Participant: 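The structure follows.
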There are 2 protein chains.
Amino acid sequence: MRPTVHDIAATAGVSLATVDRVLNGRPGVRTVTRQKVEEAIGALGFTRDMAAVNLAKGRVYPFVFIVPQGNNSFMTKLSSEIRDAATRMRVERTSIRLVEVPPFDVDALVAAMKRVRDDKPAGVALVAIDASPVRAGIADMKAAGIPMVTLVSDVPGAGHDHYAGIDNLAAGRTAGSLMGRFLGGREGSVLVLAGSMLVRDHAERLQGFAQSMARISPTNPILPVLEGQDDPERSEKLVREALGKFQDCIGLYSLGAGNRGMIRALEHHATEKRAGALRVIAHELTPHSRAALAAGMIDAILNQDAGHEVRSAIRVLKAKADGQSVITAQERIRIDIFLNDNLPPEMEEENIHVSWS
Amino acid sequence: MRPTVHDIAATAGVSLATVDRVLNGRPGVRTVTRQKVEEAIGALGFTRDMAAVNLAKGRVYPFVFIVPQGNNSFMTKLSSEIRDAATRMRVERTSIRLVEVPPFDVDALVAAMKRVRDDKPAGVALVAIDASPVRAGIADMKAAGIPMVTLVSDVPGAGHDHYAGIDNLAAGRTAGSLMGRFLGGREGSVLVLAGSMLVRDHAERLQGFAQSMARISPTNPILPVLEGQDDPERSEKLVREALGKFQDCIGLYSLGAGNRGMIRALEHHATEKRAGALRVIAHELTPHSRAALAAGMIDAILNQDAGHEVRSAIRVLKAKADGQSVITAQERIRIDIFLNDNLPPEMEEENIHVSWS
DNA sequence: TATTTTTTGATGTACGTAAATCAAAAAGTG
DNA sequence: CACTTTTTGATTTACGTACATCAAAAAATA
């Protein structure tokens with residue numbers, strides 16, 4: 001069986017109380033004694049029984065997640081994943097409160113952060129906006145000793161503990177790389193649809209995309225970026241107009257959350273004429289984009305798994321709250337690439353709750 | 001605070017003992033009483049404190065992993081991931097024993113399974129070989145009441161609980177799809193290097209690859225498959241000869257573990273002439289294939305994450321051992337696609353051990 | 001050496017649940 | 001009704017650790 005504190009006490013030739021003092025860094029132990037205990041720990045290969053630790057400590061982890069109110073599929077998914085994790089985590093003494101704020105609203109976000117801070121939670125995760133009041137708010141939290149991670153969208157240099165999200169520059173590069181190869185040397189220009197260049201993820205994706213395209217297929221010019229504000233109508237209109245205007249367009253990269261509008265524009269475009277000629281790469285696997293991929297209208301979808309991001313954020317917050325180190329390799333959020341050949345099976349119930357009865 | 005068994009007893013108006021009987025499905029409770037208790041559980045939203053449960057039960061999960069002795073990077077990685085998980089899982093009352101058997105040896109595998117079975121572990125994971133003695137062995141284990149999952153390579157219809165691995169047919173299709181698009185309509189034939197068609201994963205990948213190629217670029221013929229037995233020398237020789245013989249070859253798909261040999265052949269080929277003309281897609285991200293991808297020699301790498309597979313197998317075994325249901329969506333092993341644009345950062349220490357103080 | 005300070009031991013309670021025992025009550029049987 | 005069987009209650013111990021208290025021993029200081 002696994003060694004216990006009693007075994008350590010026995011092999012070290014000290015009392016339980018002393019072992020406890022060493023294990024929990026309490027004062028009043030001579031260096032020699034401490035070493036004896038540590039030797040015994042090493043020799044026996046002792047590791048604490050976390051079940052017992054948690055039980056004895058009665059520790060709870062009240063975490064707060066601050067996310068923009070879902071106006072698009074991705075944010076809706078994110079919220080639902082957070083709620084899901086919340087119910088699943090109850091078993092592990094972790095409570096998660098979900099705070100929703102108006103999207104793209106710096107003041108609202110900062111105000112919410114202030115309120116949250118006064119609750120003194122054990123950790124906070126938030127979808128950041130890249131603005132200095134937000135940076136200040138994060139610093140504020142950290143000053144109050146609250147572990148902080150950013151989720152999905154980062155704000156560099158704010159002193160937070162971690163960013164749980166994909167590398168958007170790499171995502172853009174990947175998209176550009178795929179696009180370049182998909183075009184296969186054909187002549188023509190490439191269109192980019194974004195939400196807004198004011199959002200960091202979008203800006204980074206564009207940057208990466210341009211990098212790769214310049215490298216792989218420098219002969220295909222990138223047209224001026226369309227900013228659809230992640231709004232279906234606006235996105236549809238923009239794409240439609242652009243496709244009409246630039247007859248030589250052979251590629252389209254949708255790097256934001258404007259897929260629904262873009263798809264409608266593509267449907268119109270397909271009935272028009274020159275069908276299969278357009279290579280399309282989009283972000284985020286949603287029911288809409290998925291259907292378009294399956295139908296062959298979209299060629300590839302880059303995806304970030306919201307569930308992974310949420311769970312990673314929780315792990316990191318917990319580790320920080322316990323003063324433990326984080327396994328970096330395990331917390332990297334990968335960029336999923338879906339073609340219609342490796343599309344995961346559709347789940348009616350994406351999240352099935354287990355009853356631990 | 002969270003409700004406890006005491007709270008249930010109080011609200012249901014029964015004793016602790018009765019609550020315990022209901023919770024643990026013990027006999028001797030009238031249906032009416034049982035319902036009262038269940039109502040109270042529902043009303044209070046009670047969930048068991050797993051920390052306390054594990055502590056009280058003193059339950060341990062002795063699992064066994066049976067894998068082929070690592071003769072290639074992937075299997076080495078797999079073993080190391082298992083060892084890694086083993087140390088990390090000690091904290092959660094899970095012990096994992098790693099049993100290594102000679103590769104591709106049905107008799108050795110079956111013999112090992114028999115020995116393992118007599119140990120009566122709480123669960124077994126194994127890299128299966130698609131042969132009927134193996135099927136029988138699995139049935140045997142199940143008959144002994146031992147939960148079973150296959151890892152990496154499946155053997156259908158053996159009555160095991162789960163397969164923790166990627167969909168190899170989909171992987172092949174994805175490779176074919178990428179290859180088809182990368183070729184971009186150019187004329188030329190495509191070469192496939194496999195380990196052995198007797199291994200199920202390889203056969204399935206080829207099948208999927210052929211499917212996609214037939215659909216997307218039917219004008220590019222697939223040359224007779226090279227079987228390199230996952231041996232570097234043999235693979236190198238085969239690829240070298242084939243590239244010399246089929247001058248019109250513009251694509252190469254390495255679907256097994258013969259990357260090292262293939263890469264050497266490609267190096268030779270590149271110095272020869274017609275450099276960038278060859279599109280290459282390979283499986284498994286290893287130091288070698290990674291370097292080749294970074295150097296532009298390989299265009300894409302499909303990868304299965306051994307760590308994910310191992311952890312998934314453990315989760316499933318644990319759930320089965322506890323008679324709990326599995327969250328299917330969470331256990332799907334995804335097919336990673338790497339271009340040199342989304343290559344994860346290289347980790348010197350791929351697996352960092354956390355010291356739990 | 002006497003005194004103070006530091007270190008160590010001994011012991012008990014708590015955490016939430018499992019599991020067992022024995023007694024008591026209720027239900028069912030003839 | 002007396003009796004048996006089933007159901008329920010009351011109580012205790014255990015799991016491995018945390019944490020607190022008080023006494024005892026050892027070391028450091030005067």
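Each chain gets a letter, A, B and so on, in the order the sequences are listed, and its residues count up from 1. Here the structure is a predicted model, which means the values were calculated and not measured.
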Participant: Under the salt bridge (charged side-chain N to carboxylate O under 4.0 Å, His left out) rule, what do Lys142(B) and Asp161(B) come out as? Steps first, then yes or no, please.
Facilitator: CA-CA 9 Å; Lys142(B) 288 299 300 173; Asp161(B) 296 285; 2.9 Å; yes
Participant: Would you say a side-chain N or O of Ser15(B) is under 4.0 Å from OP1 or OP2 of dA10(D)?
Facilitator: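 So the side-chain polar atoms of Ser15(B) never come under 4.0 Å of the phosphate oxygens OP1 or OP2 of dA10(D).
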Participant: With sequence neighbours left out, what residues match Lys318(A) under salt bridge (charged side-chain N to carboxylate O under 4.0 Å, His left out)?
Facilitator: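 Lys318(A) satisfies salt bridge (charged side-chain N to carboxylate O under 4.0 Å, His left out) with Glu92(A) only.
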Participant: Tell me, which of residues 5-12 of chain B have any heavy atom that sits under 4.0 Å from an atom in DNA chain C?
Facilitator: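 Heavy-atom cutoff 4.0 Å gives Val5(B), His6(B).
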Participant: Where the side chain of Leu55(B) is defined as all heavy atoms beyond and including C-beta, which of dT17(D), dG9(D), dC15(D) is the nearest nucleotide?
Facilitator: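 Looking only at side-chain atoms, Leu55(B) lies closest to dC15(D).
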Participant: Thr76(A) and Ser79(A): side-chain donor and acceptor closer than 3.5 Å?
Facilitator: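 Distance-only check fails for Thr76(A) and Ser79(A).
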Participant: Figure out the CD/C1' separation between Gln35(B) and dT7(D), and round it to whole Å.
Facilitator: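 Rounding to the nearest Å, CD of Gln35(B) and C1' of dT7(D) are 16 Å apart.
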Participant: Relative to the 5' end of DNA chain C, which residue comes earlier, Gly28(A) or Ala17(A), by the nucleotide with the nearest heavy atom?
Facilitator: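 Result of the comparison: Gly28(A).
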Participant: Measure from the side chain of Asp20(B), starting at C-beta and using heavy atoms only, and say which of dT17(C), dA18(C), dT7(C) lies closest.
Facilitator: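 Of the candidates, dA18(C) comes closest.
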Participant: Starting at CG of Leu23(A) and ending at P of dA18(D), how long is that distance when rounded to a whole Å?
Facilitator: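 Computing the Leu23(A):CG to dA18(D):P distance gives 6 Å.
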Participant: Measure from CE on Met50(B) to C1' on dC15(D) and round the result to the nearest Å.
Facilitator: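 The distance from CE of Met50(B) to C1' of dC15(D) comes to 15 Å, rounded to the nearest Å.
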Participant: Which nucleotide in the list dT17(D), dA18(C), dG9(C) gets nearest to the side chain of Val53(A)?
Facilitator: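 For Val53(A), the side-chain atoms sit closest to dT17(D).
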Participant: Does Arg30(B) have any salt bridge (charged side-chain N to carboxylate O under 4.0 Å, His left out) partners at least two apart in sequence or in another chain, and if so, which?
Facilitator: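 Result, salt bridge (charged side-chain N to carboxylate O under 4.0 Å, His left out) vs Arg30(B): none returned.
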Participant: Over how many whole Å does the gap from Lys57(B) atom NZ to dA20(C) atom P extend?
Facilitator: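 So the two atoms are 12 Å apart, to the nearest Å.
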Participant: Quick check for you: to the nearest 0.5 Å, what is the distance between Ser312(A) atom OG and His162(A) atom NE2?
Facilitator: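 One finds 4.0 Å between OG of Ser312(A) and NE2 of His162(A).
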Participant: Could you tell me whether Asp167(B) and Arg332(B) make a salt bridge, using a distance below 4.0 angstrom between a side-chain N and a carboxylate O?
Facilitator: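 No.
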Participant: Could you state the CG-P distance from Leu16(A) to dT17(D), rounded to the nearest angstrom?
Facilitator: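 From Leu16(A) CG to dT17(D) P: 10 Å.
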Participant: Would you call Asp119(A) and Arg97(A) a salt bridge, taking side-chain N to carboxylate O under 4.0 Å as the test?
Facilitator: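 Counted as a salt bridge, because a side-chain N and a carboxylate O are separated by less than 4.0 Å.
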Participant: Name the nucleic acid region contacted by Asn24(B), choosing base, sugar-phosphate or nothing; use a 4.0 angstrom heavy-atom cut-off, strictly under.
Facilitator: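 Counting heavy atoms under 4.0 Å across all strands, the contact made by Asn24(B) is with sugar-phosphate only.
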Participant: For dA19(C), does OP1 or OP2 lie under 4.0 Å from any side-chain N or O of Arg26(B)?
Facilitator: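 So the side-chain polar atoms of Arg26(B) do come within 4.0 Å of the phosphate oxygens OP1 or OP2 of dA19(C), strictly under.
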Participant: Can we say Arg334(B) and Asp305(B) salt-bridge, meaning some charged N sits less than 4.0 Å from an Asp/Glu carboxylate O?
Facilitator: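 Salt bridge between Arg334(B) and Asp305(B), a charged N being under 4.0 Å from a carboxylate O: no.
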Participant: For Lys36(B) and dG9(D), what is the distance between atoms NZ and C1' respectively, to the nearest whole Å?
Facilitator: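 From Lys36(B) NZ to dG9(D) C1': 12 Å.
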Participant: Using whole Å, what does the distance between atom C1' of nucleotide dT7(D) and atom CZ of Arg30(B) come to?
Facilitator: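 About 7 Å, once rounded to whole Å.
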Participant: Roughly, in whole Å, what's the span from CZ in Arg48(B) to C1' in dC15(C)?
Facilitator: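 Arg48(B) atom CZ is separated from dC15(C) atom C1' by 17 Å.
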Participant: If only side-chain N and O atoms of Arg21(A) are considered, is one of them under 4.0 Å from the OP1 or OP2 phosphate oxygen of dT7(C)?
Facilitator: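 The answer is no; no side-chain N or O of Arg21(A) sits under 4.0 Å from OP1 or OP2.
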Participant: Nearest to the side chain of Thr4(A), which nucleotide is it out of dA18(C), dG16(D), dA27(C)?
Facilitator: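 Out of dA18(C), dG16(D), dA27(C), the nucleotide with an atom closest to Thr4(A)'s side chain is dG16(D).
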Participant: Gly13(B) or Gly58(B): which one's nearest nucleotide on DNA chain D is closer to the 5' end?
Facilitator: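 On the 5' side of the pair lies Gly13(B).
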